[in-house]
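Nothing here was measured: the structure is a model prediction, and the numbers come from that model. Below, read A as the first sequence line, B as the second, and so on, with proteins coming before strands; counting in each chain starts at 1.
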There are 4 protein chains.
Amino acid sequence: MTRNKLKEAALRLFGEKGYDGTALSEIAKEVGVKTPAIYAFFENKEDLFMTVFREAMLSYNAFIQELSEEKQAMSARDCLYGAVSRQSEFYRQHPEASMFVLRYVLFPPDFLKETIEKAFLQADELLTQAVERWIVQGIEEGAVREQPVQQLVDAFLNLMDGLSMQYFYYTSKEVYTRKVNNAFETFWSGVRS
Amino acid sequence: MTRNKLKEAALRLFGEKGYDGTALSEIAKEVGVKTPAIYAFFENKEDLFMTVFREAMLSYNAFIQELSEEKQAMSARDCLYGAVSRQSEFYRQHPEASMFVLRYVLFPPDFLKETIEKAFLQADELLTQAVERWIVQGIEEGAVREQPVQQLVDAFLNLMDGLSMQYFYYTSKEVYTRKVNNAFETFWSGVRS
Amino acid sequence: MTRNKLKEAALRLFGEKGYDGTALSEIAKEVGVKTPAIYAFFENKEDLFMTVFREAMLSYNAFIQELSEEKQAMSARDCLYGAVSRQSEFYRQHPEASMFVLRYVLFPPDFLKETIEKAFLQADELLTQAVERWIVQGIEEGAVREQPVQQLVDAFLNLMDGLSMQYFYYTSKEVYTRKVNNAFETFWSGVRS
Amino acid sequence: MTRNKLKEAALRLFGEKGYDGTALSEIAKEVGVKTPAIYAFFENKEDLFMTVFREAMLSYNAFIQELSEEKQAMSARDCLYGAVSRQSEFYRQHPEASMFVLRYVLFPPDFLKETIEKAFLQADELLTQAVERWIVQGIEEGAVREQPVQQLVDAFLNLMDGLSMQYFYYTSKEVYTRKVNNAFETFWSGVRS
DNA sequence: AATGAATGAGCGTTCATTCAT
DNA sequence: AATGAATGAACGCTCATTCAT
C-alpha cells in the first residue's frame, strides 16, 4: 500500500516540480511517512524515479497500443478522430502520468537521456504505423484523397503533438476541446477527397 | 563582459538542466569565475534566472512581433509559410533561448508560474492576431476558402505548437524540415479554396 | 544454530572491518537472515560484539593457559620454541579470532577500553609467569646462562609480540616461518649458556 | 591555518577512533568550525584522510631514512641501539602520527589497502637495508659473530616490531624503557661475538 | 525464530549566500 | 570586480533499533 502511495506521490511531484525540484521528504510527507521509509521499497531516489517512469511509460504505451488496435470496422475518419479525442481523454484521466511523460520526454535528466529516448521511440513507431494504416485505409475507402502517405502521417502526428503541448497550457476545458475539433477539422479538410 | 557571459551560461544551463538542476557553481565555472562573483551582478539565483528569463522572453517576443509585422505585400500563403519557416530558423539560431522558453512555459518553477503565464499570454495573443490577419487576408484574396476564421487560426497555431515540440526531439535536420513542409502542405490543402 | 553463525560472521567482520565499519546488516546477510533477527539473540550491537569479544578472549586465554601448562618434562628450549610455534599455529587455525583480538587489544572502541585492558592483562600475566618458569627451569637445567630472569622474560615476550604483528602483514607463509625461526634462534643464542 | 588544524585534529581522531568511528563533525568541532568548512580544503572525507595519511607516512619515512643514514663512524652496536631508542623517541614525540601509522598499516580501510601496502613496503625495505648494513659492519668490525646475515636482520626487525606494539599498550614509560633495554641486550647477547 | 515496515539519529555532502578583504 | 573562508539549511542515504505479526 505504502509503496503504491509513494509511487503516486512521486509521479505527481516529479511531474510537477521535476526530479531535482522534488525532495524525497516531500514525497514521504505526502504519504504520511518519514523519508527513510522510502528505502524499504526503493533502492534510492533514482530507482523510485525510474520505477515511476517505467510505469508511466507502460501506461502510455498501453494507451498507444490500444489506440492502434482501433477496430478496422470504423471509418478512417472515425479512427483518426478517435485518436485525438482519446488522447485528450487519456490526458484528462491520467493528468499526472501525462505531465510526467511529457516533461521527461522533452527534458530528461542526464542520467536517463538514453533510456527515455529508446522508450519513447517505441511508442512513436507504434503510433506512426497505426496512423499509416488508417490513412491507407482511408485512401482505399476513397475517403482520403490520393497523396503521399507520409505527408499525411507527418501532418497527423504534428496535430497530435501540438494538442499534447496545448493540453498543458490551455487549462480551460472548453477552449481545449474547441482547439481539438478545429485543428482536426482543418486537417481533415486538407486530407479528405 | 562577465555579466553577459554569466547570462549566456545561465541561459544554456537553466535551459538544459532546469532551475534546480543547475548549480550557481556550474554557471560560474563555465565563465571561469568563482561562485560569489555572481553576486556582484545579480542579487541571487532567482534574480539571475529572472533576468535571463526576461531577456529570453523579450527576444522571443521580438521574434513574434517581427513575424506579425510581415509585410502585407506578400500572399497569405507566403505569410503563413513564412511564419513556420522562420520559427524553425529562430530555433536553429537561438537554440538555448528556445529551449529555455519552451521549458519554462511548459514547466515553470513555482515561484514564477504567474509571471510566466502573463508573459507568454502576451506573445500568444500577438501571434494569434497576426495569424488572424493573414487568414482574413487570404479569404479576401480568395486564396483561402470561406470558413470560420477561428477554426483556421486554431489549426495554424496548433501546427506551430506541434512543430515547436518536435524541434526538440527530432534532432535530425532533414527529418524536421520534411515534417515542417508536410504539416504545412496538409494544413494548406485544408484551407485553400 | 543461527546464533552461532551470527557470532562467527560477527567475529570475522568485526575483526576485518572494525566495529564502526561493520553494519549489522552485513552480519545478517552473511548468515542469510534479516537484520532484526539478530535481536532475537542479542540485545544490541554492543552485546553481540561483547559476546564475540568475550569468547575470542576466552579462546585466546585458553590457548595461553594450555601453553603455560607445557609439560615440565620438556627441555626449556623446547618449551620456549613450542610457545612461539604454537602461537603461529593458533593464528593459522583461528585467523579470525586472532585478528579480532589483536585489533581490539591495540585499538579498542571507547566503550570497552577498560574491559579489554583488564581481560588482556590477565592473559599477559599468565604468559609472563609461564615464560618465567621456563627460563628458571632452563637456568636450573644449565641450558640457560645465568642472568637476570626478567631480562630474558621481557625479551621473549617482545619476541612473541613482534611475531604477532608480523603475522598480519607478512602474508607469505614461508617468509613468516623463516622469521619465526630466525628470531627464535637469535634469541636462543643470546640466552643459552 | 584552519587547514592545518583540521589535519592535526584528523590525524589524532582517525588514529584514536578509526576512519569509520570518526565523524567529520568531530574533527570540525575540535577546530572550532562547522562541518561544511572542511570542504573548502578537502574534497571529501577520504581526501582528508588520505592527505593526513600521506603526511604521516612521509614523516615516518623521513624518520626511517634518517635512521638508516646513521653515521658509519659509530659502532654497529651503537647504530642498532640507536635505532630502537630513536624509534621510541619518535613515538614519544609524534604519538598521533605513530598510532595513526600503526593502526592503518595493520588495519587499513578497504579503500586503501593497496596504497598502504605499497607505502609501507618502501619504509620496510629502507629499514631492512640499513639494518643489513649495520650487521655487516658489525661482522667486519668483529663485534658481531659470523652467522647468516638474514637471520640477524630478521631478528632485529622482529625486535623493533615487538617494541612498536608494546609502546601502545604499556603506557608506563619506565616499564617500556626497561623492556626496550632488556630486549635489546638479549638480542645483542645473541649476536655479538 | 524471524520478518516487513517504520523511525530517529546522524552522517557525508551540496549549495546558495554572506562577509571581510 | 572578485575571491577565500565560512555557514545554515537542506538533501540523499545508512543504520541501529522497535514493533506488530
Quickly work out the Lys29(A) NZ to dC11(F) C1' distance and round it to whole Å. 14 Å
Residues in side-chain contact (heavy atoms from CB on, under 4.5 Å) contact with Lys113(D), at least two apart in sequence or another chain: Pro108(D), Asp110(D), Glu117(D)
Closest to side chain of Ala37(B), choosing from dA2(F), dA9(F), dG4(F): dA2(F)
How many whole angstroms separate atom CD1 of Ile27(A) from atom C1' of dC13(F)? 14 Å
Relative to the 5' end of DNA chain F, which residue comes earlier, Pro36(D) or Pro36(A), by the nucleotide with the nearest heavy atom? Pro36(D)
Which residues satisfy the side-chain contact (heavy atoms from CB on, under 4.5 Å) test with Ser59(B), sequence neighbours excluded? Phe90(B)
Is the backbone N or O of Glu96(B) less than 3.5 Å from a side-chain atom of Arg12(B), with the two atoms forming a donor-acceptor pair by type? no
Nearest-angstrom distance from the residue atom CD of Glu26(A) to P of dA9(F): 18 Å
Report the residues that fulfil side-chain contact (heavy atoms from CB on, under 4.5 Å) with Asp20(C), sequence neighbours left out, ordered by chain and then residue number. Asp20(D)
When rounded to whole Å, the NZ to C1' distance for the pair Lys34(B) and dT3(F) reads 7 Å
Output all residues satisfying side-chain hydrogen bond (donor to acceptor under 3.5 Å, both in side chains) with Lys45(B), sequence neighbours left out; order by chain, then residue number. none
Which residues in residues 38-55 of chain A have at least one heavy atom lying under 4.0 Å from any atom of DNA chain E? Phe41(A)
Would you kindly give the CG-to-P distance between Leu24(B) and dA9(F), to the nearest whole Å? 19 Å
Contacts of type ring-ring contact (aromatic ring centres under 6.0 Å, His included), residue Phe100(B), not counting sequence neighbours: Phe49(B), Tyr104(B)
Residues which pass side-chain contact (heavy atoms from CB on, under 4.5 Å) with Glu8(A), listed by chain and number, not counting sequence neighbours: none
Side chain of Val33(C) (C-beta onward), nearest among dC11(F), dT7(E), dT3(E): dT3(E)
Contacts to DNA chain E from residues 11-23 of chain A, heavy-atom cutoff under 4.0 Å, which residues? none
Could you give me the stems involving DNA chain F, meaning stretches of three or more consecutive Watson-Crick or G-U wobble pairs whose two defining distances are both below 3.5 Å? E:2-21 with F:2-21
What nucleic acid atoms does Thr35(C) come within less than 4.0 Å of, heavy atoms only: base, sugar-phosphate, or nothing? base
Just to verify, what does Tyr169(D) make a ring-ring contact (aromatic ring centres under 6.0 Å, His included) with, not counting sequence neighbours? Phe120(C)
Residue set satisfying side-chain hydrogen bond (donor to acceptor under 3.5 Å, both in side chains) with Tyr91(A), at least two apart, ordered chain then number -> Gln87(A), Ser164(A)
Tyr19(D) and Phe53(D): aromatic ring centres closer than 6.0 Å? no
Does anything in residues 31-43 of chain B pair up under salt bridge (Lys or Arg N to Asp or Glu O under 4.0 Å), and if so which pairs, sequence neighbours excluded? none
Quick check on dA2(E): is either OP1 or OP2 less than 4.0 Å from any side-chain nitrogen or oxygen of Thr2(C)? yes
